[in-house]
Number of protein chains: 2
Amino acid sequence: MSSFGKIASLRHPVAINLADRPSASACEDCGARHLGLCDALSDEELVFLSSAAHRMTLPTGRLFLEEGDAAQFFYNVNSGTVRLFKALPDGRRQITGFAGPGHFIGLAATDMNVVSAETMEPVQLCRFSRAGMRAMFEEYPALERKLLDVAMHELVLSQQQMLLLGRKTALERIASFLLSWAQRQENCNTGKLPRPNAKLTLPLSRTDLADYLGLTIETVSRSLSALKKEGLIEIPNIHEVVLLRPQALENIAEAAN
Amino acid sequence: MSSFGKIASLRHPVAINLADRPSASACEDCGARHLGLCDALSDEELVFLSSAAHRMTLPTGRLFLEEGDAAQFFYNVNSGTVRLFKALPDGRRQITGFAGPGHFIGLAATDMNVVSAETMEPVQLCRFSRAGMRAMFEEYPALERKLLDVAMHELVLSQQQMLLLGRKTALERIASFLLSWAQRQENCNTGKLPRPNAKLTLPLSRTDLADYLGLTIETVSRSLSALKKEGLIEIPNIHEVVLLRPQALENIAEAAN
DNA sequence: CGCCTGCTTGATACAGCTCAATCCTTGTGG
DNA sequence: CCACAAGGATTGAGCTGTATCAAGCAGGCG
């Protein structure tokens, strides 16, 4: 996946006992310790990173980042899910992505935030000042390396999404989404299809789904119903989808033949 | 623009005479010397970078990067314009971006290219092996810093494009495109509107425009005609547009009131 | 139990697509 | 220098996929 690979050489072979160091134990307990950014860092680096982090817990539906505001912070999600979006003055909304455990927020920014961010569930995250982060790069180049990897991966996802939004039909969008969400869920990026009967958990509402796929909730609902009627999926409840025939979904998603 | 700013401290205050050093003079003459990536580097760094570069000249319409192939190289455009795109098996195409002088190609990739790239005019570019680039990061961290900046900027553009593709009307897409192309042309990113009567040069065909904006050529043509009839733009010829009333275009593009 | 919110389903409207004809620009050859 | 051909752009007419508007449905919570 990562074009620069793991930075194994930077990890200390000798374990450091961090139990008595408060700033480190914060990371030890963290749900995201072995995900994303944090997994790329040695224990020593984590201690340093942790000292610069402000840990926060937010309730559902909290808008903690607003498009147009000065960009002061980066965030790393520890638990829960966040939606990132842009909006037009008349209320039209485009969700540009979802950030779950281990995901990094704030790379898509200039001096101002270009997206807003809102929690979809109770969320725990670590907040870093952008200036502090920059300073850390001097000391810990692995951090910067990893951030470049993350940015490159997000670019790949963006390109996919542009194809989806610009050129795919409603049914193709839904099929594409289900498959990409499955990928994401079994973290990830094996490039393989999910196995038949794989069960997806969607923390998103139909409205979120519509705003992510550039459709209306009605069209989302109809498309899901169509896939159900064709026997490609099952919908036991509103937040779960079972992929009965992933290959058939793939054929629709990629407009094969 | 750049959230990490210029890396002024790394530039040598004392000029080095490079005239007699072949690998350096290649950069001295380059149209992109003071653009993008190359402008972020000191002369010393450029010499090194240049030694790793393979300079190429390609004719119009050359497909030099194909989606799905192993990602071996990065490219830096020196002159001309390149279109980057994804396609579906049935021929539907989504252009994800255009790369002109100073632009870097290849950040949106995993082990495989996820987009194809094709020249729209005669193009000069520098090619770098990805492995070589990675090695250079150790030696010249400014390079990596700059690459992260570039990636972040591309992410910002991607988010804008997702909003455009997912939620804007045909007229709004055209207006948005004209303004963003004006920004790009007067390199760039001042965030200000172009002055009235600003003249745009479009190296792209209507087909390219359609595939970039997620529309058909007919709709592109009709929307441009509509803007012309309303007196917001003038179209002296197929590759030029004059922005008579940028503010009015902005109001359309951003769906203001 | 019944309200409320979010989802589904149905009927209709319309923005943008498709198909088709014409126009314009540019390059070529007589 | 003009006639003509060819490819791209424009314009028109009708169609269609998705949006809009509206009515029912269901599951969760007080």
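Below, read A as the first sequence line, B as the second, and so on, with proteins coming before strands; counting in each chain starts at 1.
One interatomic measurement links the two molecules: CD1 of A:I217 to P of C:dT5, which rounds to 14 Å at whole-angstrom precision. Rounded to an integer number of Å, the gap from A:L165 CG to C:dG16 P is 15 Å. Here the C1' atom of nucleotide C:dA15 and the CD atom of B:E172 are 12 Å apart, to the nearest Å. One can place CG of A:L215 at 14 Å from P of C:dT8, the figure rounded to the nearest angstrom. In this structure, A:L213 places its CG atom 19 Å from P of D:dG17, rounding to the nearest Å. In this structure, B:R92 places its CZ atom 18 Å from P of C:dG16, rounding to the nearest Å. A straight line from CG of A:L171 to P of D:dA19 spans 13 Å, rounded to a whole angstrom. One interatomic measurement links the two molecules: CZ of B:R206 to C1' of D:dA9, which rounds to 7 Å at whole-angstrom precision.
Where A:R167 and A:L204 meet DNA chain C, the nucleotide closest to each residue was compared, and A:L204 sits on the side nearer the 5' end.
No side-chain heavy atom of A:L204 sits less than 4.5 Å from a side-chain heavy atom of A:R83.
For B:T216, a side-chain nitrogen or oxygen approaches OP1 or OP2 of C:dC17 to under 4.0 Å. For the pair A:S205 and C:dG6, the criterion of a side-chain N or O lying under 4.0 Å from OP1 or OP2 is not met.
Atom CD of B:E230 has 12 or fewer neighbouring heavy atoms from other residues, nucleotides or ligands inside a 6.0 Å radius.
Rounded to the nearest 0.5 angstrom, A:S225 OG and A:I174 CD1 are separated by 10.0 Å.
Contacts between residues 221-241 of chain A and DNA chain D, counted as heavy-atom distances below 4.0 Å, involve A:R222.
Between the side chains of A:S79 and A:Q124, no donor-acceptor pair is found at a separation under 3.5 Å.
The nearest pair of heavy atoms linking B:A99 to B:L84 is CB-CD1, 4.4 Å. Heavy-atom minimum distance, B:F74 versus B:G106: CE2-O, 3.5 Å.
A:R130 has no carboxylate O lying under 4.0 Å from a charged side-chain N of A:D111, or vice versa, which leaves the two without a salt bridge.
Between the side chain of A:E218 and the base of D:dC21, at least one donor-acceptor pair of N or O atoms lies under 3.5 Å.
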